[in-house]
S.K.: 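Can you keep this structure in mind? I'll have questions shortly.
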Amino acid sequence: VFRLAEARGSWVILHFTASWCPFCDAEVEHLGEVASAYQARNVKVVLVDVQEEQAHWLEYAKQHVAPEVIALFDATGDAARRFAPPHAQPGFEDRAQAIFDSTLILDPQGRIRLFLLPDSRHFDPTFAAVRRELDGMLAQGSGR
Amino acid sequence: MMRLVPVALLLLACAHSGAEQPDSEKPERMLAPEQVVRASIATPPVVRPGDHGELLVTLRIASGYHVMSNRPSSALYIATSVRFAAQNGIAWGNPSYPPPRGFRLADETIATFEGEVEVHQPFEIASDATRGRAELAGTLEYQSCTKTSCLFPVKRALTARIEIAR
């Protein structure tokens, strides 16, 4: 069990994924690069796998997720659902789908500072927008 | 199962407040995963014991979406599949799928289906098959994406009916 409270005092990039998702798979490698690039700046990168078989995810994580990334497993999707914005993609009965492939930035106080739902018009596996926003936040300090 | 702190949830309202986005920047409303593919099944009107035949399963994939092909580009991806369950009096052959279409994703091209996809499912009626109406139970599996994001995998029931002549 991992609680985000354990990461208080650090910036956190939180991303939701699954191994069967081609877009997510393309992002995972770059998420490792993000984790490496920001590790020394007190940024933790947390990757949450949503609703797939545990053994499958563990094997995937072993092979594809960089050790700098905290790889977590959300078997039922309940953790993901807690973050799903109530009005985003209302057609999704399973609210875990509404958060899937989203990226959040939390500040050292645990507050959500950036919430990026999947972009329906552009795909950028390098997390360039996240890095840009994070750079700005880090330059401003903890956001107290 | 992992748990995440609830404090973040309380702050969502703040994260989502703000000025209205212009329409050109609003995210497109997406279909639920179950709505992306509509399936229909055509069957021969009547079959007889000993006959060979086929079901034609037509998958209509919503515009702007694609699904992984029956032979996906990676073992990680979820293949589109049509399967009918074994039952007395009917032997199933291997279904045939159309050639995939390439979808460009980052540095690779992945094998997908788009638009209308016809899956041919051959069968043979046993010579001692029970006459009358038979209900054929199958499953359809797929995993769909738009050009920028993906939806959860779907597995749902298919049903076809055939009349085995007396």
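All values below were derived from every heavy atom in this structure, side-chain atoms included, with hydrogens, water molecules and symmetry-related copies excluded. Chain A is the first sequence line, chain B the second, and so forth, proteins listed ahead of strands; every chain is numbered from 1. Since we're looking at a predicted model, the values are computed, not measured.
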S.K.: Got a sec: does the CD of A:E53 have more than 12 other heavy atoms crowding it under 6.0 Å?
M.R.: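 At most 12 heavy atoms, drawn from other residues, nucleotides or ligands, come within 6.0 Å of this atom.
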S.K.: Measuring from atom CG of B:L31 to atom CZ of A:F92, what distance do you get when rounded to the nearest 0.5 angstrom?
M.R.: 8.0 Å
S.K.: When you look at CZ of B:R38, are more than 12 heavy atoms from neighbouring residues, nucleotides or ligands closer to it than 6.0 Å?
M.R.: no
S.K.: Take atom CZ of B:R104 as the centre, draw a 6.0 Å sphere, and report whether it contains more than 12 heavy atoms from other residues, nucleotides or ligands.
M.R.: yes
S.K.: Indicate, with yes or no, if B:F103 and B:Y97 share a hydrophobic cluster defined by side-chain heavy-atom contacts under 4.5 Å among Ile, Leu, Val, Met, Phe, Trp and Tyr.
M.R.: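 No: no chain of side-chain contacts under 4.5 Å links B:Y97 to B:F103.
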S.K.: Distance from A:D101 atom CG to B:L151 atom CG, nearest 0.5 Å?
M.R.: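 Answer rounded to 0.5 Å: 10.5 Å.
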S.K.: Within the structure provided, determine whether B:E108 and A:P22 are in side-chain contact (heavy-atom separation under 4.5 Å).
M.R.: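 The answer is no, as the side chains (C-beta and beyond) never meet within the 4.5 Å cut-off.
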S.K.: With a 4.5 angstrom heavy-atom cut-off, which part of A:D94 approaches chain B: side chain, backbone, both or neither?
M.R.: side chain
S.K.: Contact part of A:H64 toward chain B, heavy-atom cut-off under 4.5 Å: side chain, backbone, both or neither?
M.R.: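 Answer is side chain: those atoms of A:H64 sit under 4.5 Å from chain B.
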S.K.: Can you say whether A:A96 sits under 4.5 Å from chain B via the side chain, the backbone, both, or neither, judging by heavy atoms?
M.R.: both
S.K.: Please tell me if the side chains of B:I78 and A:W20 come closer than 4.5 Å, counting only heavy atoms from C-beta onward.
M.R.: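 Side chain of B:I78 against side chain of A:W20, heavy atoms only: contact under 4.5 Å found.
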S.K.: For B:R131, does the CZ atom sit with more than 12 other heavy atoms under 6.0 Å from it, leaving out its own atoms?
M.R.: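 Yes, because the 6.0 Å sphere around CZ of B:R131 holds more than 12 heavy atoms from other groups.
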S.K.: Which bit of A:H56 is near chain B, if near means a heavy-atom gap under 4.5 Å: side chain, backbone, both or neither?
M.R.: side chain
S.K.: Consider only side-chain heavy atoms of I, L, V, M, F, W and Y, link residues closer than 4.5 Å, and tell whether B:V67 and B:V117 are in one cluster.
M.R.: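 Same cluster.
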S.K.: With a 4.5 angstrom heavy-atom cut-off, could you sort out which part of A:Q51 is near chain B: side chain, backbone, both or neither?
M.R.: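 Only the side chain of A:Q51 comes within 4.5 Å of chain B.
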S.K.: Considering the options B:P153, B:C150, B:S149, which one meets the side chain to side chain contact (heavy atoms under 4.5 Å, CB included) requirement together with A:C21?
M.R.: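 So, applying the side chain to side chain contact (heavy atoms under 4.5 Å, CB included) to A:C21 and each of B:P153, B:C150, B:S149, only B:C150 qualifies.
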S.K.: Taking B:V36 as the starting point, is it possible to reach A:F100 by hopping between hydrophobic residues whose side chains are less than 4.5 Å apart?
M.R.: no
S.K.: If you apply the rule side-chain contact (heavy atoms from CB on, under 4.5 Å), what do you find for A:F123 with B:L105, and how did you get there?
M.R.: CA-CA 9 Å; A:F123 173 62; B:L105 195 165; 3.9 Å; yes
S.K.: For B:R48, is the CZ atom crowded, meaning more than 12 foreign heavy atoms sit under 6.0 Å from it?
M.R.: no
S.K.: Going by heavy atoms in the side chains, are A:V50 and B:F152 under 4.5 Å from each other?
M.R.: yes
S.K.: Over all heavy atoms of both residues, which pair between B:M30 and A:Q89 is shortest? Give the atoms and the distance, please.
M.R.: N-OE1, 2.8 Å
S.K.: Would you indicate whether A:E93, at its atom CD, is surrounded by more than 12 heavy atoms from other residues, nucleotides or ligands within a distance under 6.0 Å?
M.R.: no
S.K.: B:I110 versus chain A, heavy atoms under 4.5 Å apart: side chain, backbone, both or neither?
M.R.: side chain
